[in-house]
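Just below is one structure, and these are the notes that go with it.
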Amino acid sequence: TILGHVRTLHTSIIRNISIGNVSEKTISSIKKNIEKARSHLTDHVTEEGTIINLDKKCEYCQIYMQD
């Protein structure tokens, strides 16, 4: 499922960050982007990938609105 892929990506990114020498600013930016994506998936998309609704304030929904 889409949410499963996001969780896997999140875990993988965090694991790689802890191994390497990455700045706090970079880590913070990555975490912020992951949270935005997770919020979008939780609030606007089903686990099967069907769009529930689009929100003008959601950065990811705006991509669909432009198409």
Side-chain angles (χ1 to χ4, degrees):
T1 66
I2 292 175
L3 290 176
H5 292 299
V6 169
R7 287 185 192 110
T8 302
L9 176 62
H10 179 263
T11 303
S12 174
I13 289 171
I14 297 303
R15 186 179 310 119
N16 287 327
I17 288 171
S18 66
I19 293 170
N21 183 12
V22 181
S23 73
E24 285 296 319
K25 185 176 181 179
T26 301
I27 293 170
S28 176
S29 175
I30 291 169
K31 286 181 179 180
K32 185 177 178 181
N33 286 327
I34 290 171
E35 280 306 313
K36 284 181 185 179
R38 184 182 309 187
S39 173
H40 168 72
L41 291 173
T42 301
D43 298 339
H44 304 124
V45 182
T46 66
E47 289 204 19
E48 294 77 28
T50 304
I51 296 173
I52 300 170
N53 62 36
L54 297 175
D55 180 357
K56 291 180 182 179
K57 295 179 183 177
C58 174
E59 184 177 328
Y60 290 90
C61 287
Q62 290 174 12
I63 294 168
Y64 290 103
M65 291 175 169
Q66 291 175 1
D67 288 342

Is Arg38 salt-bridged to Glu35, cutoff N-O under 4.0 Å? yes
According to side chain to side chain contact (heavy atoms under 4.5 Å, CB included), who are the partners of Ile51, at least two apart in sequence or on a separate chain? Leu54, Tyr64
Can you sort out the partners of Asp43 under side-chain hydrogen bond (donor to acceptor under 3.5 Å, both in side chains), two or more places apart, ordered by chain and number? Ser39
Rounded to the nearest 0.5 Å, what separation is found between the CG atom of Asn53 and the NE2 atom of His44? 5.0 Å
Please enumerate all residues that pass side-chain hydrogen bond (donor to acceptor under 3.5 Å, both in side chains) together with Ser29, with sequence neighbours excluded. none
Nearest non-hydrogen partners of Glu59 and Lys36, listed with the distance: OE1-NZ, 2.9 Å
